[in-house]
Amino acid sequence: MTKFNRTLVTTALPYANGPVHIGHLAGVYVPADIYVRYMRMKGEDVLLIGGSDEHGVPITIKAKKEGVTPQDVVDKYHNIIKDSFEKFGISFDVYSRTSSKIHHETATEFFETLNEKAEFIEKSSEQFYDSEANQFLADRYITGTCPHCKNEKAYGDQCESCGTSLNATDLIDARSAITGNKPQLKETKHWYLPLDKYEPFLKEWILEEHKEWKPNVYGQCKSWLDNGLHPRAVTRDLNWGVPVPVEGADGKVLYVWFDAPIGYISATKEHTPDWEKYWKAEDSKMVHFIGKDNIVFHCIIFPAMLKAEGSYILPENVPSNEFLNLEGDKISTSRNWAVWLHEYLEEFPEKQDVLRYVLTANAPETKDNDFTWKDFQARNNNELVAIFGNFVNRALVLTHKYFGGLVPEAGELTDFDKETLAQIPVLKAEVEKNLETYHFREALKVAMNLARLGNKYLADTEPWKVIKTDEARVKTILNISLQISANLSTLMEPFLPFTAEKLRGFLNIDRIEWADMKDVVIPVGHQINKPELLFEKIEDATIQAQVDKLEATKVANELENRVATPVKENINFDDFMKMDIRIGTITEAEKVAKTKKLLKIKVDTGVDTRTVVSGIAEHYKPEEIIGKQVSVLMNLEPRKLKGIESQGMILMAEDADGKLAFVSPEKAVAAGSEVR
RNA sequence: GGCGAGGUAGCUCAGUUGGUUAGAGCGCAUGAUUCAUAAUCAUGAGGUCGGCGGUUCAAACCCGCCUCUCGCUACCA
């Protein structure tokens, strides 16, 4: 810690095509905020940087779908996101956006510098082009028939029906999503960052010099580095983004992953003219808070970019969290399976700290975790209310009851008093140690121990009994209880800033610096205010309403899935009769080596025994399907899969969740029976 | 299939230079208590540390194989 004189903390830029949810908060913004609040309280020079990531293809598609401009889309979500963060107390020094002028300038300049230093490779390749729309088509802008599952609405990068990732050129009957025309292949030039050039440097820097990074981060980097790095394109053919600042590069923009991390630099610039100090001075420490999906960008690609530029420092640590699930399922924006922050703020007014607490206590630091409303309720009622809120309430109520709200004078301290007070610096040090090593869950638990300590102190000293015989002793006890309460407001401040503020209001005191946490922080004779409740219990009905809301989402999703595949166009009887479907009996089945999904199956079709490769290994084990009668499409064009020729297709029924089942006759029939 | 991360009490997690009876919080049980939002305090029950095998005087921790979860990746319905 002595090595550095200032700290720059960045948080992953949320993508501005939707609002933010609890997963964002738990994985990135709450831990980052805790960290910087702590450092500020210690008087350190620290900046918290954030902003919206507003470029990229999905935003242009969303805009098109809604009939608005991409700028309209990002304006809308940038404001919602920014507002949610503000209300949750994420204390950004600056929350910027990548569509801003300053970012365009910064990114342009960054690209130009690398270009002048000849750090890029220029390469041409053939890509689909829509001549009517007069533009190259990003993979997402191309639709066509999936070569595997025959879904007619597959995208150029992925078929969402069968989950296969595709190349646009794989699609059968590819169409432009803009005009519906058949696109042509046309040559286009792009700039590539030769990551392979930095491989030796990155290996040394990460694998040797940063063994202290979290295991998931270190392991992921090692995996990438061991597999070998390749040049990556930093530009795309698109008209939404930062234009490539080179003569003749019309219609090309910087690729989002190149553009977005530069957003950290632009945001810092926007905040202070002194930005270079944070980004370039050797005694500056940079920390990136991100989710696990971003590890490769922040540990490999962005450092390579910074290194190529030459004048920037590299991150000292990249504390990346795993994912937060919701009630057992993955959080999903498109499936609306999320607790949206802007909705929470409306439904649980003034309870930002409750969510901050729960998300920190249950943060996905080492593995994916599950957020449940029941756990939310339990932590609020059993921990915040019962331990923290209750202790403060006891101390304040007793002070008002016996001494009219004036801080009483402490007399001679007993050994127990001294032991109790001695715990304050011990807990403080333990919280520090955990925060500085990014163990926020543990840090919060330790901080709560101060409230536990208070409760134990009151239970053991029993002032409500002692008051009958020894008022002076009670003065001492309550003085100490109030000192603990005041220290709690400081120790909890990084985690629960709203609560800390409220507590200081009860105690009628100003903010206490981190270093000033100690046995005496409130003077004798100080008037404290009438306390209210620090936290309220959350009733079953409130929780049930949230669970019901999610349940409704699930039902709505199912309904949507059901109508998702409309009935195809009518065909005539002859077309139908072209298909030769027969019942066959599976005689052999084995897993295809080096695949996860494929089984090589031999089927007795009555006329022959043929080999069919089928992607059902995740649903059926080879041994359990032998002897099964199944439907086989006999006259499907043979296709080679993993070097094995598949002669036909076994028909499967697939439900909305992707579960597969054979289409089998309801009673045994002769092999080769035709299906009509 | 390859690679990475994880699999420790009912739940959420700590726990490495391998060393006495494996820890915490919540939940649960019992007792105490009433200042406090029936909150608190004490005590206790509860674990073959995913499975099998190996190294060692000694393994949750090291090695091998297997298995489950999550992610990345692969000529993959």
Side-chain angles (χ1 to χ4, degrees), chain A residues 146-151 159 161-166 170 214-224 226-227 291-293 295-296 320 322-323 325 330 358 361-370 372 374-375 378-379 381-387 389-402 434 439 441-442 444-446 448-449 451-452 454-467 474 477-478 481 531-537 591-599 612-619 639-643 646 649-652 654 658 660:
Chain A
C146 172
H148 308 298
C149 70
K150 311 300 175 205
N151 164 34
C159 170
S161 174
C162 68
T164 309
S165 47
L166 303 167
D170 294 339
K214 286 172 66 168
N216 57 340
V217 177
Y218 186 89
Q220 188 69 228
C221 291
K222 187 166 179 346
S223 177
W224 273 80
D226 288 350
N227 284 330
K292 68 174 166 186
D293 50 336
I295 290 174
V296 63
S320 161
E322 302 285 302
F323 286 155
N325 293 326
K330 271 178 215 179
V358 173
N362 190 25
E365 285 181 6
T366 50
K367 62 170 187 185
D368 291 359
N369 265 351
D370 200 22
T372 65
K374 204 170 152 245
D375 180 63
R379 288 193 185 274
N381 293 356
N382 303 333
E383 298 177 30
L384 289 178
V385 172
I387 296 169
N390 185 38
F391 165 66
V392 168
N393 193 237
R394 297 170 86 184
L396 298 190
V397 166
L398 286 170
T399 303
H400 274 281
K401 194 164 173 177
Y402 299 146
N434 280 301
H439 293 112
R441 207 167 42 193
E442 185 65 18
L444 178 58
K445 201 159 98 181
V446 174
M448 280 297 281
N449 282 344
R452 290 181 219 284
N455 277 318
K456 182 172 159 50
Y457 180 72
L458 284 179
D460 287 356
T461 53
E462 299 182 304
W464 50 90
K465 274 190 189 165
V466 177
I467 190 70
V474 173
I477 294 168
L478 288 184
S481 299
E532 296 158 41
L533 295 182
L534 215 43
F535 301 100
E536 292 165 357
K537 286 201 119 186
K591 194 106 183 277
V592 177
K594 300 194 178 185
T595 67
K596 200 188 287 182
K597 297 176 181 175
L598 297 187
L599 290 187
V612 176
V613 177
S614 186
I616 59 173
E618 287 177 319
H619 302 82
R639 184 188 157 92
K640 270 202 171 179
L641 296 172
K642 278 282 173 186
S646 180
M649 180 164 145
I650 294 179
L651 302 188
M652 306 298 298
E654 181 180 13
L660 297 180

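Please read all numbers here as calculations on a predicted model, not as lab measurements.
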Chemist: Identify whether any heavy atom of A:Leu651 sits under 4.0 Å from a base atom; if not, whether one sits that close to sugar-phosphate; answer base, sugar-phosphate or nothing.
Modeler: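 Since no nucleic acid heavy atom lies under 4.0 Å of A:Leu651, the category is nothing.
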
Chemist: Using Watson-Crick or G-U wobble geometry with both distances below 3.5 Å, tell me the partner of B:rU69, or none.
Modeler: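 Paired with B:rU69, as far as the under-3.5 Å criterion goes, is B:rA5.
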
Chemist: Between B:rU33 atom C1' and A:Asn390 atom CG, what is the distance in whole Å?
Modeler: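 About 13 Å, once rounded to whole Å.
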
Chemist: What's the gap between B:rG7 and B:rU12 when it is taken at their C1' atoms, as a whole Å value?
Modeler: 14 Å

Chemist: Return the value, rounded to whole Å, for the distance between atom CG of A:Asn449 and atom C1' of B:rG25.
Modeler: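 Rounded to the whole Å, the gap is 9 Å.
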
Chemist: NZ of A:Lys401 versus C1' of B:rA36: gap in Å, rounded?
Modeler: 9 Å

Chemist: Taking atom P in both B:rA22 and B:rC49, what distance in whole Å separates the two?
Modeler: 11 Å

Chemist: Quick one: label A:Glu383 by what it contacts on the DNA or RNA (base, sugar-phosphate, nothing), any heavy atom closer than 4.0 Å.
Modeler: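 Answer is sugar-phosphate: A:Glu383 comes under 4.0 Å of backbone atoms only.
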
Chemist: May I have the distance from A:Asp375 (atom CG) to B:rG25 (atom P), rounded to whole angstrom?
Modeler: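 Taking CG of A:Asp375 and P of B:rG25, I get 17 Å after rounding.
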
Chemist: Please give the nucleotide sitting opposite B:rA14 as a Watson-Crick or G-U wobble pair, both distances under 3.5 Å, or none.
Modeler: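 Paired with B:rA14, as far as the under-3.5 Å criterion goes, is no nucleotide at all.
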
Chemist: Provide the Watson-Crick or G-U wobble partner of B:rG64, both distances under 3.5 Å; none if there is no partner.
Modeler: B:rC52

Chemist: Might you point out which heavy atoms bring A:Met649 and A:Val612 nearest each other, and give the distance in Å?
Modeler: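 Between these two residues, the closest heavy atoms are CA-CG1, 4.2 Å.
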
Chemist: Test side chain to side chain contact (heavy atoms under 4.5 Å, CB included) on A:Phe535 and A:Glu383 and set out the steps.
Modeler: CA-CA 10 Å; A:Phe535 301 100; A:Glu383 298 177 30; over 6 Å; no

Chemist: Expressed as a whole number of Å, how far does the C1' atom of B:rA14 sit from that of B:rG54?
Modeler: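 Result for the C1' pair: 28 Å, nearest Å.
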
Chemist: Is there a side-chain contact between A:Arg441 and the phosphate of B:rA14, meaning an N or O under 4.0 Å from OP1 or OP2?
Modeler: yes

Chemist: Scan A:Ala378 against the nucleic acid and name what it touches under 4.0 Å (heavy atoms): base, sugar-phosphate only, or nothing.
Modeler: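 A:Ala378: no heavy atom of the nucleic acid under 4.0 Å.
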
Chemist: Between B:rA39, B:rC72, B:rC41, which one does the side chain of A:Trp224 approach most closely?
Modeler: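 Per side-chain heavy atoms of A:Trp224, the pick is B:rC72.
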
Chemist: To the nearest angstrom, how far is A:Lys374 atom NZ from B:rC11 atom P?
Modeler: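 That distance rounds to 11 Å.
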
Chemist: Using the closest heavy atom to pick a nucleotide of RNA chain B for each, name whichever of A:Lys330 or A:Asp370 lands nearer the 5' end.
Modeler: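 Nearest nucleotide further toward 5': that of A:Asp370.
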
Chemist: For the side chain of A:Asn216, starting at C-beta, report the closest nucleotide among B:rU34, B:rA5, B:rA39.
Modeler: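 Ranking B:rU34, B:rA5, B:rA39 by closest atom to the A:Asn216 side chain puts B:rA5 first.
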
Chemist: Using a heavy-atom cut-off of 4.0 Å across all strands, would you classify A:Lys537 as base, sugar-phosphate, or nothing?
Modeler: base

Chemist: So A:Val397, base contact, sugar-phosphate only, or nothing? Heavy-atom distance under 4.0 Å.
Modeler: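 Answer is sugar-phosphate: A:Val397 comes under 4.0 Å of backbone atoms only.
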
Chemist: Nearest to the side chain of A:Asn362, heavy atoms from C-beta on, is which of B:rU12, B:rU33, B:rC41?
Modeler: B:rU12

Chemist: Given B:rU37, B:rC70, B:rC41, identify the nucleotide with an atom nearest to the side chain of A:Leu533.
Modeler: B:rU37

Chemist: So what does A:Asp368 hit on the nucleic acid, given a heavy-atom distance under 4.0 Å: a base, only sugar-phosphate, or nothing?
Modeler: sugar-phosphate

Chemist: For B:rG44, which nucleotide is its Watson-Crick or G-U wobble mate, given both distances must be under 3.5 Å?
Modeler: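 Checking every strand shown, B:rG44 finds its partner in B:rC28, with both distances under 3.5 Å.
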
Chemist: Between B:rG53 and B:rG47, how far is it from one C1' atom to the other, in whole Å?
Modeler: 23 Å

Chemist: With rounding to the closest Å, how many angstrom separate the P atoms on B:rA24 and B:rA42?
Modeler: 12 Å

Chemist: Under 4.0 Å between any heavy atoms, over every strand shown, what does A:Thr366 touch: base, sugar-phosphate, or nothing? Just pick one.
Modeler: sugar-phosphate

Chemist: For B:rU34, what is the paired nucleotide under Watson-Crick or G-U wobble rules, both distances under 3.5 Å?
Modeler: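 Paired with no nucleotide.
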
Chemist: Please report the shortest heavy-atom distance between A:Asn362 and A:Asp370, naming the atom on each side.
Modeler: ND2-O, 2.9 Å

Chemist: Picking from B:rU34, B:rC72, B:rU40, which would you name as closest to the side chain of A:Lys465?
Modeler: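 Given the options B:rU34, B:rC72, B:rU40, the side chain of A:Lys465 is closest to B:rU34.
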
Chemist: Base, sugar-phosphate, or nothing: which does A:Pro463 touch, judged by heavy atoms less than 4.0 Å apart?
Modeler: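 No contact.
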
Chemist: With heavy atoms under 4.0 Å as the rule, sort A:Phe535 into base, sugar-phosphate or nothing.
Modeler: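 A:Phe535: base contact, heavy atoms under 4.0 Å.
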
Chemist: Rounded to whole angstrom units, what separation is found between the CD1 atom of A:Ile387 and the P atom of B:rC35?
Modeler: 21 Å

Chemist: Between A:Asn227 and A:Glu536, just flag the one whose closest nucleotide in RNA chain B comes earlier from the 5' side.
Modeler: A:Asn227

Chemist: Could you measure between the two P atoms, the one in B:rG2 and the one in B:rC66, and give it in whole Å?
Modeler: 9 Å

Chemist: Strictly below 4.0 Å: does A:Arg452 bring a side-chain N or O up to OP1 or OP2 of B:rC26?
Modeler: yes

Chemist: Looking at A:Lys292 and A:Glu322, is there a salt bridge between them, counting it only when a charged N and a carboxylate O are closer than 4.0 Å?
Modeler: yes

Chemist: Which value, in whole Å, describes the distance between the C1' atoms of nucleotides B:rU8 and B:rG50?
Modeler: 10 Å

Chemist: Are side-chain N/O atoms of A:Asn449 and A:Arg452 paired as donor and acceptor at under 3.5 Å?
Modeler: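 Present: a donor and an acceptor within the cut-off.
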
Chemist: Counting heavy atoms from C-beta on, name the nucleotide in B:rA14, B:rC35, B:rC41 closest to the side chain of A:Lys456.
Modeler: B:rC41

Chemist: Atom CG of A:Asp226 to atom P of B:rU73: distance rounded to whole Å?
Modeler: 16 Å

Chemist: Distance-only, no hydrogens or angles: does the A:Asn393 side chain make a donor-acceptor pair with backbone N or O of A:Gly389 under 3.5 Å?
Modeler: no

Chemist: Look at the side chain of A:Lys292 and decide which nucleotide, out of B:rA36, B:rC26, B:rC70, has an atom nearest to it.
Modeler: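 Of the options given, the side chain of A:Lys292 lies nearest B:rC70.
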
Chemist: Backbone N or O of A:Ile295 within a donor-acceptor pair of the A:Gln220 side chain at under 3.5 Å?
Modeler: no

Chemist: Assign A:Leu396 to base, sugar-phosphate, or nothing according to its heavy-atom contacts below 4.0 angstrom with the strands shown.
Modeler: nothing

Chemist: Determine whether a donor-acceptor pair (N or O, by modelled atom type, separation under 3.5 Å) exists between the side chain of A:Lys214 and the backbone of A:Ser320.
Modeler: yes

Chemist: Using a heavy-atom cut-off of 4.0 Å across all strands, would you classify A:Lys445 as base, sugar-phosphate, or nothing?
Modeler: base

Chemist: Is there a Watson-Crick or G-U wobble partner for B:rC57 with both distances under 3.5 Å, and which nucleotide is it?
Modeler: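 Answer to the pairing question: B:rG19, which forms a Watson-Crick or G-U pair with B:rC57.
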
Chemist: Distance between the C1' atoms of B:rU40 and B:rC57, in whole angstroms?
Modeler: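 Each nucleotide's C1' atom is 49 Å from the other's.
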
Chemist: Can you check whether A:Asp368's main-chain N or O pairs, donor with acceptor, with A:Asn325's side chain at less than 3.5 Å?
Modeler: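 Absent.
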
Chemist: Rounding to a whole Å, what distance do you find between A:Arg379:CZ and B:rU37:P?
Modeler: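 That distance rounds to 24 Å.
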
